[in-house]
Amino acid sequence: MTDAFITVSRWAIPVLLFLIPLYGYLRGVPVYEAFAAGAEDGFKVAIKIIPFLVGMLVAISVFRASGAMDLFARALNPFLHLAGIPGEVLPLALMRPLSGGGALGIAAELIGNYGPDSFIGLLASVMQGTTDTTFYVLTVYFGSVGVRRYRYALALGLIADISSLLAAVVICHLLFS
């Protein structure tokens, strides 16, 4: 069964890269022209999101470099201990909604310090895979298309992040403790 999954995984992307243009060609779509137009639109979007991306990255850097994130993490540590959440993963939980790259750096640091098979390493891995970069999505993607009123999206994104964090903790305690 595992060999079948590995084989499907190896061939999934090449098959999709072949089938999608073939499907378009069979439907009469000028495939190469459509690809070129899409690439041009993608370039315009990339240029448009640069100011939002720079602003968000500067804010994250200030938050981390000022020590505010560490101070916040230390203040919440007693409450986390009661909930069974190791305080070491709090910087990851705080960074994940802000930046995927920053969160990946923190997860790599946790795994490097505690080991990939430790509870903290496993929890960091699960958190990295189950949470999303809510503020990044709101800032960059919503900003690139001009969405200004996104308070419900923010609330739902943060609720999803907190739910994912709690689910990751519960699942890791059930499977790895």
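Note: hydrogens, waters and symmetry copies are ignored here, and every other heavy atom, side chains too, is used.
Taking OH of Tyr150 as the reference point, atom CG of Leu156 lies at 14.5 Å (rounded to 0.5 Å). Between atom CG of residue Leu165 and atom CD1 of residue Ile162 there is a gap of 8.0 Å, rounded to the nearest 0.5 Å. A distance of 15.5 Å separates OH in Tyr23 from CZ in Phe18, rounded to the nearest 0.5 Å. Going from atom SG of Cys172 over to atom CG of Leu123 covers 4.5 Å, rounded to the nearest 0.5 Å.
Residues Leu80 and Ile171 are members of one and the same hydrophobic cluster, defined by side-chain heavy-atom contacts under 4.5 angstrom among Ile, Leu, Val, Met, Phe, Trp and Tyr. Under the 4.5 Å side-chain heavy-atom criterion for Ile, Leu, Val, Met, Phe, Trp and Tyr, Val15 and Tyr25 are members of the same hydrophobic cluster. A single hydrophobic cluster is not seen to contain both Tyr152 and Phe142; linkage of ILVMFWY side chains at heavy-atom distances under 4.5 Å, directly or through other members, places them apart. Val8 and Leu17 sit in two unconnected hydrophobic clusters of ILVMFWY residues. Membership requires side-chain heavy atoms under 4.5 Å apart, directly or through other members. In the hydrophobic cluster analysis, where Ile, Leu, Val, Met, Phe, Trp and Tyr join through side-chain heavy atoms closer than 4.5 angstrom, Val145 is grouped together with Val137.
Using a 4.5 Å cut-off on side-chain heavy atoms (C-beta onward), Phe135 and Leu154 make contact. Thr133 has its side chain out of reach of Pro97: every pair of non-hydrogen atoms, C-beta onward, lies at least 4.5 Å apart. Between Leu90 and Ile85 there is no side-chain heavy-atom pair separated by less than 4.5 Å. Within the 4.5 Å cutoff, the side chain of Phe119 has heavy atoms near those of the His173 side chain. Side-chain contact between Leu110 and Leu92 is present, with heavy atoms from C-beta onward closer than 4.5 Å. A 4.5 Å side-chain heavy-atom check between Arg96 and Gln128 finds at least one atom pair inside the cut-off. When side chains are defined from C-beta on, Ile106 counts as touching Met69, because their heavy atoms get closer than 4.5 Å. Residues Phe79 and Leu76 have side chains in contact (heavy-atom distance under 4.5 Å, counting atoms from C-beta outward).
Residue pairs meeting the salt bridge (Lys or Arg N to Asp or Glu O under 4.0 Å) criterion with at least one partner in residues 107-132, sequence neighbours excluded, are absent. Sorted by first and then second residue, the salt bridge (Lys or Arg N to Asp or Glu O under 4.0 Å) pairs with a member in residues 17-45 read Glu40-Lys44; sequence neighbours excluded.
Residue-environment remark: CZ (Phe176) exceeds the threshold of 12 foreign heavy atoms within 6.0 Å. In the displayed structure, Leu175 atom CG is contacted under 6.0 Å by more than 12 heavy atoms of other residues, nucleotides or ligands.
Listed here is the closest heavy atom pair of Val126 and Ala168: CG1-CB, 3.6 Å. The two atoms that bring Ser125 and Ile111 nearest to each other are OG-CD1, 3.6 Å, heavy atoms only.
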In sequence, state the C-alpha distance, the side-chain angles, and the governing distance for Leu122 and Ser118, and then conclude on side chain to side chain contact (heavy atoms under 4.5 Å, CB included). CA-CA 6 Å; Leu122 293 167; Ser118 67; over 6 Å; no

Under the side chain to side chain contact (heavy atoms under 4.5 Å, CB included) criterion, do Val89 and Ile120 qualify, and how do the steps go? CA-CA 7 Å; Val89 299; Ile120 291 173; 4.0 Å; yes

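The backbone N or O of Pro86 lies less than 3.5 Å from no partner atom in the side chain of His81, so there is not a single donor-acceptor pair.
Ring orientation note: the planes of Tyr141 and Tyr136 are nearly perpendicular, at an angle over 60° on the 30°/60° scale.
Under 3.5 Å, the side chains of Thr131 and Asp161 contain no donor-acceptor pair of N or O atoms.
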